[in-house]
Protein chains: 2
Amino acid sequence: MMPLNKVSDQQMFDQLLEVFRVHGYEGASLSLISEATGLKRASLYHRFPGGKEEMAKSLLEHVDELFATEILAPLNESGDPKTRIRQMARHLDAFYQGGRGSCLLDTLSLGGTNTGLLKDIHASISAWTDAMATVARESGLSAAKARRRAEEALVQIQGSLVVARITGDPAPFMRALKTLPDLLTDPDYH
Amino acid sequence: MMPLNKVSDQQMFDQLLEVFRVHGYEGASLSLISEATGLKRASLYHRFPGGKEEMAKSLLEHVDELFATEILAPLNESGDPKTRIRQMARHLDAFYQGGRGSCLLDTLSLGGTNTGLLKDIHASISAWTDAMATVARESGLSAAKARRRAEEALVQIQGSLVVARITGDPAPFMRALKTLPDLLTDPDYH
DNA sequence: GTCTATAGCTTGATAGAC
DNA sequence: GTCTATCAAGCTATAGAC
């Protein structure tokens with residue numbers, strides 16, 4: 001049976017992600033969203049009665065789920081920690097388009113506290129940090145050191161994405177991904 | 001003699017910087033800019049006939065000058081490299097408001113290639129990277145290593161600013177600043 | 001569930017008085 | 001050099017047909 005919607009949720013969220021990650025919350029106009037998704041204004045409001053803020057909020061939830069199940073869950077299963085971290089790095093490579101795409105948490109956090117998104121953004125980044133801290137802990141690092149290294153990994157990823165965007169060269173991101181296995185497991189990395 | 005302008009250039013650029021670094025280019029509306037600077041729309045267009053794009057471009061030039069003379073120039077003068085790097089770190093601490101302010105190059109680079117700002121942004125980041133690579137080179141690192149470390153320093157700064165903004169905790173930025181002297185001078189940092 | 005049409009406000013930008 | 005008043009275009013959001 002064919003889907004009732006002309007545009008699947010998957011397609012819509014893919015395009016929604018693209019618009020919000022490129023333009024941020026304030027820059028993501030309904031015209032841009034409508035054009036990207038192929039859904040007219042009124043159709044968007046049918047799916048998201050709460051308007052633009054609900055679009056961003058639902059997108060965050062969608063990406064959160066995708067992150068949790070496809071990227072973070074495998075990180076904390078059984079097996080060699082470094083191998084699992086390399087697996088996460090591969091998924092991050094795909095998700096961030098080889099360093100050519102920005103982080104949604106970054107671009108959505110711009111513009112101050114206008115929206116009620118900050119709590120959700122905060123929760124997302126915490127879940128990610130926790131997952132990386134857990135695998136670092138399992139690899140033998142102390143709890144404190146594991147958390148610190150997870151935060152450093154986050155800084156590496158976010159920073160390299162920003163530098164890649166500014167310079168137009170994704171190389172820093174690829175290098176950052178390569179450092180993750182050692183950064184998150186080696187007690188004497190620094 | 002009193003200045004002819006009710007609002008000095010210094011005051012105006014300070015507020016312009018605040019609006020653009022918080023909201024990005026697309027989110028920085030003339031209403032926000034007008035309110036922040038205390039200048040009505042028409043007055044802003046008197047100073048910047050090219051409109052919003054010229055405001056951002058002039059601001060970039062202004063910040064570039066400030067960066068070059070107050071932050072980067074001392075970096076490449078005489079004296080102990082580590083001391084000079086610590087001096088830069090203090091200036092960065094002030095400029096980025098202890099990690100509570102975003103980087104203008106980051107927020108202005110959002111929204112794609114709509115504007116002619118990308119070249120200026122690119123030039124700014126290059127000058128900064130070059131200055132850090134130079135001091136790293138002077139401290140004894142090879143040219144290639146010096147450049148790589150300068151890029152890593154940039155990633156640390158940009159990444160910690162993003163994480164600080166997302167989490168609301170400036171601690172990562174303060175830690176990043178502390179690592180700069182060793183990162184830019186120690187051949188065996190990693 | 002999607003669409004056209006529209007309302008009302010905000011945007012970037014301009015004209016002209018002082 | 002700053003202002004008020006105004007413009008056309010864009011914005012978010014809604015009403016109602018199919």
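Numbered from 1 within each chain, the chains take letters A, B, ... in sequence-line order. Not measured: the values here are computed from a predicted model.
- For the salt bridge (Lys or Arg N to Asp or Glu O under 4.0 Å) test, residues two or more places apart in sequence or in another chain that qualify with Asp9(B) are Arg47(B).
- Here the side chains of Glu18(A) and Val22(A) are in contact, with some heavy-atom distance below 4.5 Å.
- Applying the salt bridge (charged side-chain N to carboxylate O under 4.0 Å, His left out) test to residues at least two apart or on different chains, none of the pairs has a partner in residues 58-79 of chain A.
- At the phosphate of dC3(D), OP1 or OP2 sits under 4.0 Å from a side-chain N or O atom of Ser43(B).
- We find that CD of Glu35(A) is positioned 14 Å from P of dC3(C), with the value rounded to whole Å.
- Phe95(A) carries Arg21(A) over the face of its six-membered ring, with the cationic atom under 6.0 Å from the centre and within 45° of the normal.
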Anything under 3.5 Å between a donor and an acceptor, one on a side chain of residues 27-36 of chain B, the other on a protein residue two or more places apart or in another chain? List them.
{"residue": "Ser29(B)", "atom": "OG", "partner": "Leu32(B)", "partner atom": "N", "Å": "3.2"}
{"residue": "Ser31(B)", "atom": "OG", "partner": "Arg41(B)", "partner atom": "NH2", "Å": "3.2"}
{"residue": "Ser34(B)", "atom": "OG", "partner": "Leu39(B)", "partner atom": "O", "Å": "2.6"}

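- The ring pair (Phe, Tyr, Trp, His ring centres under 6.0 Å) pairs that include a residue from residues 119-139 of chain B are Phe67(B)-Trp128(B), where partners are two or more places apart or lie in different chains.
- A sub-4.0 Å separation between OP1 or OP2 of dT2(D) and a side-chain N or O of His46(B) is absent.
- Listed by chain and residue number, Asp182(B) satisfy the side-chain hydrogen bond (donor to acceptor under 3.5 Å, both in side chains) test with Lys82(B) (two or more places apart in sequence, or in another chain).
- When the local axes at the two ends of the helix from dG1(C)-dC18(D) to dC18(C)-dG1(D) are compared, using 5 base pairs at each end, they differ in direction by 0° after rounding to 10°.
- Atom NZ of Lys40(B) is separated from atom C1' of dT4(D) by 9 Å (rounded to the nearest Å).
- The interatomic distance linking Leu39(B) (CG) with dT4(D) (P) rounds to 12 Å, in whole Å.
- One atom, CD of Glu54(B), and another, P of dG12(C), lie 15 Å apart when rounded to the nearest Å.
- Distance, Phe48(B) CZ to dT2(D) P: 11 Å, rounded to whole Å.
- Applying the side chain to side chain contact (heavy atoms under 4.5 Å, CB included) rule to His190(A) yields the partners Arg149(A), Glu152(A), Leu183(A), Tyr189(B); only residues at least two apart in sequence or on another chain are considered.
- Residues satisfying the salt bridge (Lys or Arg N to Asp or Glu O under 4.0 Å) test with Arg147(A), not counting sequence neighbours, are Asp130(A).
- Listed by chain and residue number, Arg148(A), Glu151(A), Ala171(B), Pro172(B) satisfy the side chain to side chain contact (heavy atoms under 4.5 Å, CB included) test with Arg175(B) (two or more places apart in sequence, or in another chain).
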Contact letters for nucleotides 12-18 of chain D, in which S counts primed atoms plus P, OP1 and OP2 and B counts the base, heavy atoms under 4.0 Å = BBBB---
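- Checked against ring-ring contact (aromatic ring centres under 6.0 Å, His included), Phe48(B) has no partners two or more places apart in sequence or in another chain.
- The separation between Arg47(B) atom CZ and dA13(C) atom P is 18 Å, rounded to whole Å.
- A heavy atom closer than 4.0 Å to some atom of DNA chain D occurs in no member of residues 11-20 of chain B.
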